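By convention in this document, chain letters (A, B, ...) are assigned in the order of the sequence lines, proteins followed by strands, and residues within each chain are numbered from 1. All figures in this text were calculated on a predicted structure; none of them were measured in a lab. The basis for the numbers below is simple: all heavy atoms, side chains too, and nothing from hydrogens, waters or symmetry mates.
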Protein chains: 2
Amino acid sequence: MRDPVRLEAAGWGMAGATIYDVAARAGVSIKSVSRVLNGEANVSEALRRKVEGAVAELGYRRSLSARSLAGSASSIIAALVDATLTIEHWRSGRGNDYLSRLELGLLMECRQADHHLMVELVDYDAPTLRQDLASLLTAIRPQGVVLTPPNSDNDVVLEVLSELAVPFARIGPETAPDLGVRIRMDDAGAAEQITDHLLDLGHVDIAHISGPAAYSASRLRRTGFEAALRRRGLTPRPEWVAEGQFTFGSGLDAAERLLGGPRRPTAIFAANDDMALGVLQAAAARGLRVPHDLSVAGFDDTPSAVFSTPPLTTIRQPVAEMAAAAAQRLIPLLKARLDANDGLEEVIVPHSLMIRGSTSQPA
Amino acid sequence: MRDPVRLEAAGWGMAGATIYDVAARAGVSIKSVSRVLNGEANVSEALRRKVEGAVAELGYRRSLSARSLAGSASSIIAALVDATLTIEHWRSGRGNDYLSRLELGLLMECRQADHHLMVELVDYDAPTLRQDLASLLTAIRPQGVVLTPPNSDNDVVLEVLSELAVPFARIGPETAPDLGVRIRMDDAGAAEQITDHLLDLGHVDIAHISGPAAYSASRLRRTGFEAALRRRGLTPRPEWVAEGQFTFGSGLDAAERLLGGPRRPTAIFAANDDMALGVLQAAAARGLRVPHDLSVAGFDDTPSAVFSTPPLTTIRQPVAEMAAAAAQRLIPLLKARLDANDGLEEVIVPHSLMIRGSTSQPA
DNA sequence: CATCATCTTGACAGCGCTGTCATTCGCCCC
DNA sequence: GGGGCGAATGACAGCGCTGTCAAGATGATG
């Protein structure tokens with residue numbers, strides 16, 4: 001058995017107890033302590049009680065690094081976040097509501113399962129992405145990785161993750177329907193639902209501001225929008241779909257184009273709230289009253305959607321729930337040491353339509 | 001030298017290279033690799049080049065756990081976040097803009113310094129806080145800890161951190177002016193400035209909705225508010241200070257009280273934006289036009305402040321910058337292995353007054 | 001040219017765990 | 001009553017690094 005004085009010499013000030021201390025206190029071997037802590041089979045009740053007592057008395061907690069190094073659970077979940085996007089947010093001085101909610105969900109689950117959340121910035125545009133990611137993963141050896149939009153589909157990332165056999169969950173996956181745990185909402189269905197809401201109000205001339213076509217969320221929302229029209233026997237007019245960039249400014253511009261055309265739509269469904277807010281501004285600039293002269297619908301239910309004038313009718317994405325579901329699905333995987341990321345389940349979480357002041361019957 | 005086949009057997013799929021692989025490839029000892037990587041002195045140029053070459057070829061990156069375990073840098077920064085608050089946010093389904101911006105700042109700095117960010121929920125109300133925190137810290141052994149508002153002052157936490165000699169930074173510290181790196185803004189000064197703005201516009205009858213007196217941010221803002229009045233020879237009227245809870249609802253209630261009094265103020269300065277938004281709503285409910293009949297000022301510059309009607313005049317807290325400053329100050333500390341948390345510098349970051357539509361001359 | 005200080009490099013022992021394998025102990029059965 | 005078997009526990013070797021200490025290389029010095 002080792003010298004207990006070692007404790008004081010650790011340089012990290014008052015160091016915590018180690019497994020040796022617990023073993024000594026309980027009068028058992030370190031392996032037995034390890035067994036109890038890992039809930040291994042074939043442990044006598046007496047042993048368990050002795051160990052648990054010692055653990056409690058010493059306030060012992062296993063070292064993450066040691067566990068991780070010894071080849072077992074690191075109990076770290078890494079959330080991979082888009083660096084470029086983050087830098088943009090940083091520059092604009094704004095937080096990222098989506099990411100924040102996502103993280104909330106992850107944190108809540110991590111807390112329950114006694115796991116830890118590490119947030120990592122990844123530069124998805126770097127030519128060295130493959131290399132970067134591999135380094136990152138071997139450096140921190142997370143037990144599971146959560147891919148966040150809009151980067152849940154990067155081929156290189158999926159490849160590296162598969163090669164390294166790291167379990168992963170994808171929030172809002174778009175392609176590669178067979179890799180990892182996939183958690184998403186029904187974008188098309190939600191878009192259809194909110195378009196239906198406008199149609200139900202009596203609108204016929206409905207325009208859409210889509211997101212960048214590169215994102216399938218954009219495509220799915222547009223698809224849903226058009227499907228809703230078609231189901232009512234209406235033909236989507238291409239000139240009434242403007243592509244935006246998911247930003248306030250691009251929404252404003254798109255609205256200008258849409259409202260400046262020969263025939264003015266009575267409702268605009270923007271593919272996200274930021275753009276819808278831009279529409280609100282464009283409408284105000286033209287002296288159009290919302291919702292009297294123009295109904296506006298968004299997507300996402302960002303915080304500002306509640307405080308805009310009028311408040312936005314929008315789709316509430318259950319982001320935190322998605323994240324929690326991801327972690328929930330991921331953590332058992334870790335336990336099972338299941339390292340095949342194929343054929344895992346897909347979870348579709350329910351969204352909700354938030355009807356607020358920005359939509360009404362056409363005048 | 002070890003068996004290179006080991007690589008394939010690691011069970012983690014394609015494992016990354018280890019220091020042994022690099023050493024073998026470079027034809028040097030592992031210690032030399034370690035030396036180069038740590039930038040230790042007395043390393044020949046030739047050695048450095050050989051090692052760096054091998055590292056590059058292999059895409060080698062040191063294992064966090066091993067480094068941490070071996071007693072050196074864990075390169076982990078832990079951000080301690082209030083669990084109760086987080087759960088509330090989780091329930092409400094809203095993100096946390098403040099936290100998000102804070103994290104952004106931390107992430108940016110971590111990225112630069114090749115550190116990692118771990119976000120940890122802490123239940124500050126738990127009777128076992130001391131124990132919990134000690135366990136947490138010994139489990140993850142972060143190199144530095146960032147305390148986030150409103151928990152930058154918890155005595156138990158500061159104590160544990162000091163005992164464990166973990167360097168820490170405090171965002172928005174209120175008490176204990178000599179512990180850790182302290183990063184804050186000038187709350188009183190900012191409050192004074194925004195009150196001055198109202199006074200400059202010609203307002204005399206200015207009311208204040210403060211935050212909970214328990215938070216010194218509340219007290220400082222109130223102090224600044226009253227100081228501004230006094231400097232103009234005005235006497236603050238206690239009945240024109242209402243205490244809110246930093247929430248929308250409490251702002252609305254407080255505004256009701258203030259506006260329902262015998263003499264109606266022409267301007268209200270709320271200690272945060274959420275409450276100011278409540279004031280906006282209360283004013284609208286009473287048919288008061290803002291800013292014509294009532295000027296409203298907030299504090300924080302939350303995202304909704306931009307999209308409210310009218311947009312809020314408010315104080316912009318440079319949260320991300322504060323966080324970045326914290327990390328910036330913390331990381332060198334880690335390197336220097338400085339484990340005294342006393343007498344460290346205090347950083348006061350500049351705020352800015354955002355003048356928007358919610359304030360104007362009194363009618 | 002021997003001597004000593006200085007620079008450069010390597011061997012080796014942990015850090016705190018987990019995994020493997022060996023050992024002990026009871027207990028059942030013929 | 002001996003052989004066999006499973007359950008319970010322990011001894012010990014790493015995991016991939018860093019720190020310590022020793023040794024070899026180099027150069028300065030008298």
Side-chain angles (χ1 to χ4, degrees), chain A residues 1-4 6-7 9-12 15-24 26-51 55 58 60-75 138-141 143 337, chain B residues 1-4 6-7 9-12 15-24 26-51 55 58 60-75 138-141 143 337:
Chain A
M1 219 112 300
R2 303 197 200 173
D3 180 9
R6 191 176 36 77
L7 273 189
W12 205 63
T18 74
I19 199 172
Y20 289 92
D21 303 316
V22 177
V28 301
S29 76
I30 56 162
K31 181 62 212 186
S32 292
V33 176
S34 176
R35 279 207 182 87
V36 171
L37 262 24
N38 286 318
E40 287 177 28
N42 300 333
V43 171
S44 73
E45 199 47 46
L47 213 199
R48 159 162 290 110
R49 255 197 294 276
K50 272 191 290 185
V51 170
V55 165
L58 263 43
Y60 168 72
R61 190 116 157 237
R62 288 172 292 180
S63 145
L64 257 200
S65 344
R67 264 154 72 65
S68 167
L69 184 56
S72 171
S74 71
S75 48
T138 58
I140 64 182
R141 296 232 163 194
Q143 275 213 282
R337 312 187 113 265
Chain B
M1 219 114 297
R2 304 194 198 175
D3 179 10
R6 191 178 35 77
L7 275 187
W12 206 62
T18 74
I19 199 171
Y20 288 93
D21 303 317
V22 177
V28 301
S29 75
I30 55 161
K31 180 63 213 186
S32 292
V33 176
S34 176
R35 279 207 182 86
V36 171
L37 262 24
N38 285 318
E40 287 178 25
N42 301 332
V43 172
S44 73
E45 198 47 46
L47 212 198
R48 158 162 290 112
R49 255 197 294 276
K50 272 192 290 184
V51 170
V55 166
L58 264 42
Y60 170 70
R61 192 116 157 238
R62 288 172 291 179
S63 143
L64 257 198
S65 345
R67 265 154 72 66
S68 168
L69 184 56
S72 172
S74 72
S75 46
T138 57
I140 65 181
R141 296 234 163 192
Q143 275 213 280
R337 312 187 113 265

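- A donor and an acceptor atom never sit less than 3.5 Å apart when one is taken from the side chain of B/R141 and the other from the base of C/dG16.
- Put simply, A/Y20 has no side-chain N or O that comes within less than 4.0 Å of OP1 or OP2 on C/dG14.
- We find that CD1 of B/I30 is positioned 12 Å from C1' of C/dT9, with the value rounded to whole Å.
- The nucleotide whose nearest atom lies closest to any side-chain atom of B/I19 is, among C/dT9, C/dT20, D/dT18, D/dT18.
- Distance, B/L47 CG to D/dG24 P: 18 Å, rounded to whole Å.
- One interatomic measurement links the two molecules: NZ of B/K31 to C1' of D/dT20, which rounds to 9 Å at whole-angstrom precision.
- Phosphate contact (OP1/OP2 of D/dC17, side-chain N/O of B/S63, threshold under 4.0 Å): absent.
- Comparing B/A66 and B/S44 by the nucleotide of DNA chain C that holds the closest heavy atom to each, the one mapping nearer the 5' end is B/S44.
- As a whole-Å value, the separation of B/L64 CG from D/dG16 C1' is 12 Å.
- Spacing between atom CD1 of A/I140 and atom P of D/dC17 amounts to 15 Å, rounded to whole angstrom units.
- Applying the 4.0 Å criterion to OP1 and OP2 of C/dG10, one finds that B/S29 has a side-chain N or O inside that range.
- The CZ-C1' distance, from B/R62 to D/dC15, rounds to 17 Å in whole Å.
- A donor-acceptor contact shorter than 3.5 Å links the side chain of A/S74 to the backbone of A/R141.
- Distances shown here put every side-chain N or O of A/T18 at or beyond 4.0 Å from the OP1 or OP2 atom of C/dG16.
- How far CG of A/L64 is from OG1 of B/T138: 9.5 Å, rounded to the nearest 0.5 Å.
- Summarising the geometry, the separation between CD on B/E40 and P on D/dC17 is reported as 15 Å, rounded to the nearest angstrom.
- A/Y20 places none of its side-chain heavy atoms less than 4.5 Å from the side chain of A/V33.
- Side-chain atoms of B/V22 and B/R62, non-hydrogen and from C-beta on, never get closer than 4.5 Å to each other.
- Put simply, CG on A/L69 is 10 Å from C1' on C/dT18, counting in whole angstrom units.
- Between A/N42 and D/dT9, a side-chain N or O to OP1/OP2 separation shorter than 4.0 Å is absent.
- Once rounded to the nearest 0.5 Å, the distance linking OG of A/S34 with CD of A/E40 reads 6.0 Å.
- Put simply, A/S32 has no side-chain N or O that comes within less than 4.0 Å of OP1 or OP2 on D/dT9.
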